[in-house]
Amino acid sequence: MQPARRSVLIGAATAVAVPWLIGRAWAADAGTPLPIPDAIQVGASGAHVLQAVEGTRAFFAGGAPSPVKGFGQAYLGPVLRVRRGTTARIDVLNRLSEPITTHWHGLHVPGEVDGGPHAEIRPGARWSPSLEVNQSAATLWYHSHQHGATAPHVYAGLAGMLIVDDSDAPPSGLPANYGIDDLPIIIQDRAFARDGRLVYNAMGPAMMAGFRGDHILVNGAVRPLATPPAGIVRLRILNASNARIYHLRFEDGRAMHLVGSDGGLLRRPVPMRRLTLATGERAEVLVDFGSGGSARLLSEPDRNSPMGGVMGGPGGMARGMAAEPEPVADGGAFEVMRFKVDTSRTAGVRALPEAIADAAPAPALGEPVRRRRFVLDTHGAMMGGGRGQGGMGMGMTINGRSFDMSRIDLRARRGETELWQVRAGDMAHPFHVHGTSFQVVSRNGVAVDFATTGWKDTVLVDGVVELLMRFERQAGEQAPYMYHCHILEHEDAGMMGQFTVG
Ligand code: C2O
Ligand code: CU
Ligand code: CU
């Protein structure tokens, strides 16, 4: 593909300040090998040191270096692997000039080591949580959760994948050769100025809908190329974007077989042609590359917006903001990454498994003892209201209230099953709950089959969903759990609440 340089020239300084003037100057820079993050086994024998650092990174050959952040490296961090039944000790060292937190998204740990907004790590300080791992094998992640700065932190690179392994469970029969046929796929969209520098400026409409970039990165590389063996390949897909919802499909129509979701593996593979993944969600899929050749993973555009037709429609504001990547197919589908089978490699798994031995347990939560309702809303922000701060961005709400670190919104009890009804009317919001995994019981009044979703901790709410959950770990007033929209601009603007588990 040729670089689609815009004819209207804009200066770098302008581009940095005005995201909707960014040109697609770097469209040709795809196809570098898929970076595979180091996988680090974290056990009880000595703490693993995870340093939050500043650095620079040129995302394009010949492009200007961008200031970025990361865990132990410039942009993103290692894949941390923890084992069920062990205690993982991690020393997070903050070498940045601003406070961060480090949250273990999807890990069922007590509030005091959950790494939410109350677990602030000041510049130069160290935070040393001990994480008792007691849950099924799953693909989780970690990221900064600093209140008001989660969006810029994750955007700059403060995120990584976290994998729970369960050595007591029977072997799953799934591909498990990390980096060969078991690939971490961390998808993020980013915007760049003409000189190749990373740009982030979530103001006005970009804040209302959530900030979206028109370049797709996988594991930090622009639309990279993976070279799997000719066989069954497992993709652990994490949507670590700030706001973008992906509707993934292979260009040649080949199936993806869903074998795992947020909280663990499914009983049997669920074939699908199109996989929707909102921010914060994970999906483990098997793809058959047995016939060799090449394949391209695409996504349909994200039309999610509180201004519906105005922003989402063709020629609307979103277009002018260069919010959508360059289309490669009808309907605006764009490329996420490519695969080219390497026949010199040997596949460990050649046939799709019928059943997955290592599957997470089926839900047995019983009848809820309590029902709660949540309404997610962007209107306060749209009207410029909220918390007396004025301007957009301070008035995103859940049940009419913006997040307040000093207010406990609800109190739950250990071992009690609750039913949460979550509603989103203005646009779709990915709703995330800390401290546990939940069962999606229904979506817009229609029962959801657990076999197709598995355990979740983040769910896209478009209308109304009902979630059944139980908390087994404790979270006190000093370190409560969070529930929030995982569009990070919405979260930072107040679409978050906190709760204790006593
Ligand atoms: Cu992925 Cu409350 O976070
Ligand atoms: Cu979380
Ligand atoms: Cu939202």
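When a ligand or atom number is given, it counts from 1 through the structure's own listing order.
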### Sphere of radius 2.8 Å around the Cu ion (ligand 3) - protein N, O or S atoms inside
His429 ND1, Cys485 SG, His490 ND1
### Query
Would Arg57 count as a cation-pi partner of Phe59, with NZ or CZ less than 6.0 Å from the six-membered ring centre and within 45° of the ring normal?
yes
### Centroid separation His145 to His118 less than 6.0 Å
no
### Message
Is the distance between the ring centroids of His486 and His143 under 6.0 Å?
### Response
yes
### Task
Could you please spell out the steps behind the ring pair (Phe, Tyr, Trp, His ring centres under 6.0 Å) verdict for Phe374 and Trp420?
CA-CA 7 Å; Phe374 303 84; Trp420 289 21; 4.5 Å; yes
### Task
List the steps and the verdict of side chain to side chain donor-acceptor pair (under 3.5 Å) for His105 and Arg282.
CA-CA 11 Å; His105 178 134; Arg282 288 87 65 207; 3.2 Å; yes
### Task
Give every residue pair that meets the salt bridge (Lys or Arg N to Asp or Glu O under 4.0 Å) criterion with at least one member in residues 124-140, sequence neighbours excluded.
Asp91-Arg126
### Query
Charged N to carboxylate O under 4.0 angstrom, Arg372 versus Glu418?
yes
### Task
Everything protein-side that's N, O or S and under 2.8 Å from atom 2 (Cu) of ligand 1: list it, residue and atom.
His145 NE2, His434 NE2, His484 NE2
#### Entry: Partners passing side-chain contact (heavy atoms from CB on, under 4.5 Å) against Asp377 (at least two apart in sequence or in another chain)
His379, Thr397, Asp426
### Task
Starting from the C-alpha separation in whole Å, work towards a yes-or-no answer on side chain to side chain donor-acceptor pair (under 3.5 Å) for Tyr75 and Gln188.
CA-CA 12 Å; Tyr75 203 75; Gln188 300 177 303; 2.7 Å; yes
